Every structure is written in C-alpha cells, then in structure tokens.
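Structure, as structure tokens:
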Amino acid sequence: MSTKPVDLHELASSAREELADAGDEAALEKWRIAYLGRKGRLPLVLRGLGELPLEERRRLGGEANQLRQELESALEAKREELKQQRHTAAEETGRLDVTLPGRPKRVGRLHPVTQTMREMLEIFVSMGFSVIEGPEVETEYYNFTALRIPEDHPARDMQDTLWLEGAEKDGAPLLLRTHTSPNQARFMEQHQPPIRIAVPGRCYRHEATDASREWMFTQIELLAVDEGISMADLKGTLFEFAKRMFGQERRVRFRCDYFPFVEPGVDMAIDCFLCGGDGCRTCRGEGWIEVLGAGMVHPEILSNMGYDADRYTGFAAGVGVERICMLRHGIEDIRAFYANDLRFLEQF
Ligand code: PHE
C-alpha cells in the first residue's frame with residue numbers, strides 16, 4: 001500500500017467541503033461511496049495502517065476512527081437536513097402566493113349544433129316565426145297517426161323507430177320522436193291561424209350510422225298556416241333561408257318528394273360544399289346534400305284540426321340542423337358532433 005505519509009487533514013477537509021455541497025440524495029450517496037465506501041478513501045487509510053510503525057499506527061488509527069465517526073454522523077445530519085428542505089418546499093407550494101398571475105378560468109362554449117340552431121332560428125324569427133318546443137317522448141298518435149302516416153308505414157317499424165319498452169300513455173305505446181313534425185298537430189290543435197312557428201329539437205331514429213346519418217339528430221320544424229299561403233311562399237322562405245345561411249353563391253335544388261302529411265311534397269338540397277358537386281363521401285356521390293323536406297300541409301290534416309281547408313292553406317318544412325352545421329363549417333362526418341372529443345368541439 002501507500003508508503004507516503006497519510007494526510008488525514010486534507011482528507012477531512014475535502015470530505016467536509018464536498019458533503020456541504022451535496023444537494024440531494026444522489027450526491028450524498030456518491031459522497032458516501034467516495035469517502036466511507038468499501039473502496040473509499042478512509043477505509044483505504046485504515047487498511048494501510050498495518051504497514052506503519054507501531055507509534056504512528058496508534059496515532060493515525062485513533063484519528064482515522066474518530067474521523068470516520070465524525071463523517072458518518074455528518075452524513076446522517078445532512079440527510080436529515082435535505083429531508084427537512086423537501087418538506088418545507090412541499091408545504092410552500094400549498095401556500096397562497098398573491099404575487100402569482102391569476103390562473104385563467106376555462107370558459108365553456110355552446111356546442112356547434114346549438115350555435116347553428118340559434119343562427120337558423122334567428123333567421124326564421126326575423127321572418128316572423130315564433131319558437132315553440134315540444135316533447136321528445138311522443139305518442140304514436142302525434143308522431144304518426146295525426147300526420148297521416150299509415151299503420152303499416154315502414155317508418156313505424158321497429159327498424160326505424162326507437163320505441164320505449166314498457167312505457168305507455170292511455171294504453172298506447174310511447175316512442176322517441178323520429179321528427180319534429182308531431183308539433184304541427186300539437187300546435188294546430190291548440191291554436192287558430194295565422195300560424196308561423198319554428199320548432200327546434202332532438203329527434204331519434206334507429207339508424208345504421210355513417211358519415212351523414214346519426215341515431216340522434218336535431219331538426220327545426222317550420223309551419224305556416226294562413227289564408228292564401230302557396231308553394232311560392234314555401235320556396236321563397238326556404239330559398240331565402242339558404243341564401244342567408246350560406247351566401248348568394250350556394251345553389252339550391254327542389255325536387256318532388258313524398259311525405260304523407262304534405263301535398264305536394266318536396267326536398268330541398270344544397271350543392272355539396274366539399275366536392276363542389278362532383279360527388280364525394282359526404283354527399284354520398286350525389287353532389288347534392290338534402291337539407292330539408294317540405295311541402296304544402298295536407299288539406300286532410302287542416303280539416304282534422306278543425307280548420308276550414310278551403311279557406312286556409314299552409315306549408316311545413318323539417319330542416320336537419322347537423323347538416324346545416326356541417327355545410328357551414330366543412331365538417332365531413334356527422335358522428336363527430338356527439339363523440340365528445342374536445343379537440344373537435346373546441347374548434348367552434
Ligand atoms: N318530418 C320530415 C322528416 O323528418 C320532414 C318534413 C317536415 C317534411 C315537414 C315535410 C314537411 O323527414
């Protein structure tokens with residue numbers, strides 16, 4: 001082993017210095033290994049004692065042992081000190097620091113479909129329609145029968161309608177309304193013409209969902225009944241709506257369609273915003289997206305409601321809010337609305 005004289009003073013002072021500088025557990029452990037570990041500096045001195053003359057061995061041995069005790073207890077003390085520091089730091093984070101900038105509150109917002117629905121309603125209200133609401137849980141009568149939808153119509157089928165199992169009213173089964181049209185009859189029963197109402201609300205269908213079909217969606221029903229209302233009023237109102245919603249450049253298409261509660265019936269489509277009419281996934285290859293069904297209120301319904309069908313005429317329309325919202329924002333998949341993905345919803 002080493003034959004040069006051992007300088008315990010140098011060892012002691014560098015050990016004390018380095019221990020004072022150690023700032024965390026890892027540094028402490030490093031220090032322990034360097035000075036007190038099996039191959040550390042102090043054990044090395046102790047092991048080399050045997051080669052020294054007796055006199056010196058005694059002196060140095062005593063000093064080295066003393067130093068070892070000192071360093072060991074200094075290590076313990078330092079460990080304790082670091083632990084205290086950690087506790088204090090943790091306590092302080094729990095304290096109120098009034099000099100810190102305030103944490104911004106996360107402000108919520110309206111769902112894109114709600115935003116679009118309100119925009120649409122504003123347009124209809126500006127044209128003189130009043131906003132009315134009706135129940136989502138409906139009777140078979142209002143959802144189908146009052147609307148001349150026959151007993152054996154496929155829309156009543158289990159495949160399309162979500163029936164409420166075990167629920168009934170006056171012995172008749174209840175269902176989730178498949179459209180907002182039941183409110184035509186509900187309102188006409190209670191009021192006399194002139195009528196101009198817009199009825200927003202959720203509708204439900206037992207659908208196989210895809211990019212443009214959801215099992216839950218939103219409609220706005222329009223109903224106008226008065227003397228002298230004609231197909232021109234229907235087209236004028238709906239075309240004006242389309243232009244205010246989408247700008248003058250948007251093209252609109254009316255085609256004949258069949259709904260048991262109107263005569264004649266039409267569907268209105270808007271040219272596809274994504275492909276410009278060439279055909280894509282969103283418009284299902286058609287270039288057009290149907291946004292609403294409409295028509296002149298069937299005279300039989302007017303008389304059923306107690307109106308004089310020779311005097312009064314009316315038009316009705318059902319507009320899909322999600323589709324309008326998709327057109328507005330270039331959203332490709334209707335399922336995004338109700339998937340609750342904030343990365344999507346936060347964009348609106
Ligand atoms: N209720 C029809 C539907 O959901 C739409 C519609 C409403 C059609 C009013 C004509 C008149 O498909």
Side-chain angles (χ1 to χ4, degrees), residues 113 117 120-121 124 127 129 131-136 138-150 153-157 159-162 175-188 195-207 212-226 229-239 241-242 252-270 288-302 304-305 312-324 334:
V113 170
M117 191 180 79
M120 293 166 66
L121 288 175
F124 294 131
M127 294 181 186
F129 289 84
V131 179
I132 300 295
E133 285 184 292
E136 288 178 32
E138 257 306 355
T139 60
E140 200 175 4
Y141 171 76
Y142 286 114
N143 200 81
F144 297 125
T145 314
L147 295 167
R148 300 182 71 256
I149 299 172
H153 194 282
R156 296 202 188 196
D157 202 279
Q159 302 307 312
D160 292 333
T161 301
L162 293 161
L175 51 89
L176 292 176
R177 68 178 172 200
T178 59
H179 51 179
T180 44
S181 299
N183 295 289
Q184 293 184 26
R186 280 184 177 276
F187 195 83
M188 283 191 277
I195 289 171
R196 278 154 184 73
I197 55 166
V199 191
R202 291 259 168 87
C203 306
Y204 305 84
R205 283 181 202 176
H206 190 265
E207 291 271 16
S212 53
R213 262 185 282 223
E214 255 291 13
W215 64 270
M216 177 186 80
F217 56 97
T218 318
Q219 281 190 342
I220 294 180
E221 189 83 7
L222 280 190
L223 176 69
V225 183
D226 205 345
I229 287 196
S230 74
M231 192 81 184
D233 298 301
L234 179 157
K235 287 184 80 174
T237 304
L238 297 177
F239 193 30
F241 159 72
V252 175
R253 183 193 68 185
F254 285 95
R255 282 198 315 196
C256 288
D257 203 347
Y258 174 72
F259 303 95
F261 38 97
V262 288
E263 182 57 41
V266 296
D267 78 57
M268 187 178 93
I270 285 173
W288 294 93
I289 297 176
E290 288 174 23
V291 287
L292 60 88
M296 300 306 290
V297 180
H298 200 288
E300 203 177 289
I301 292 179
L302 293 173
N304 285 349
M305 295 298 141
Y312 294 111
T313 48
F315 73 82
V319 196
V321 181
E322 282 81 1
R323 289 199 181 177
I324 302 292
I334 193 172

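Small disclaimer: the values here were computed from a predicted structure and weren't measured. In each ligand, atom 1 is the first atom listed, and ligand 1 is the first ligand listed. Here, residue 1 is the first one in the sequence, and each next residue gets the next number.
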Numbered atoms and elements of ligand 1 in range of Gln184, under 4.0 angstrom, heavy atoms: 9 (C)

With sequence neighbours excluded, residues passing side-chain hydrogen bond (donor to acceptor under 3.5 Å, both in side chains) with Thr313: none

Answer with yes or no whether Arg205 contacts ligand 1, where contact means a heavy atom under 4.0 Å from a ligand atom. yes

How are the rings of Phe124 and Phe129 set to each other: parallel, tilted or perpendicular (split at 30° and 60°)? perpendicular

Is Ala317 touching ligand 1 with its side chain, its backbone, both, or neither, if touching means heavy atoms under 4.0 Å apart? backbone

Ligand 1 atoms nearer than 4.0 angstrom to some heavy atom of Phe259 are 8 (C), 10 (C), 12 (O)

Return the orientation label for the Trp215 and Tyr204 ring planes: parallel under 30°, perpendicular over 60°, tilted otherwise. tilted

In the protein, which heavy atom is nearest to atom 6 (C) of ligand 1, and how far is it? Gly293 O, 3.6 Å

So do the side chains of Met231 and Val266 get within less than 4.5 Å of each other, counting heavy atoms only? yes

Under a 4.0 angstrom heavy-atom cut-off, which atoms of ligand 1 come close to Gln219? 3 (C), 4 (O)

Numbered atoms and elements of ligand 1 in range of Gly318, under 4.0 angstrom, heavy atoms: 6 (C), 7 (C), 9 (C)

Please enumerate all residues that pass ring-ring contact (aromatic ring centres under 6.0 Å, His included) together with Phe187, with sequence neighbours excluded. His191

Which of the numbered atoms in ligand 1 are below 4.0 angstrom from a heavy atom of Ala294? 8 (C), 10 (C), 11 (C)

Run the contact test for Phe261 against ligand 1 with a 4.0 Å cut-off on heavy atoms, strictly below, and give the result. yes

Counting heavy atoms not belonging to Glu136, are there more than 12 under 6.0 Å from its CD? yes

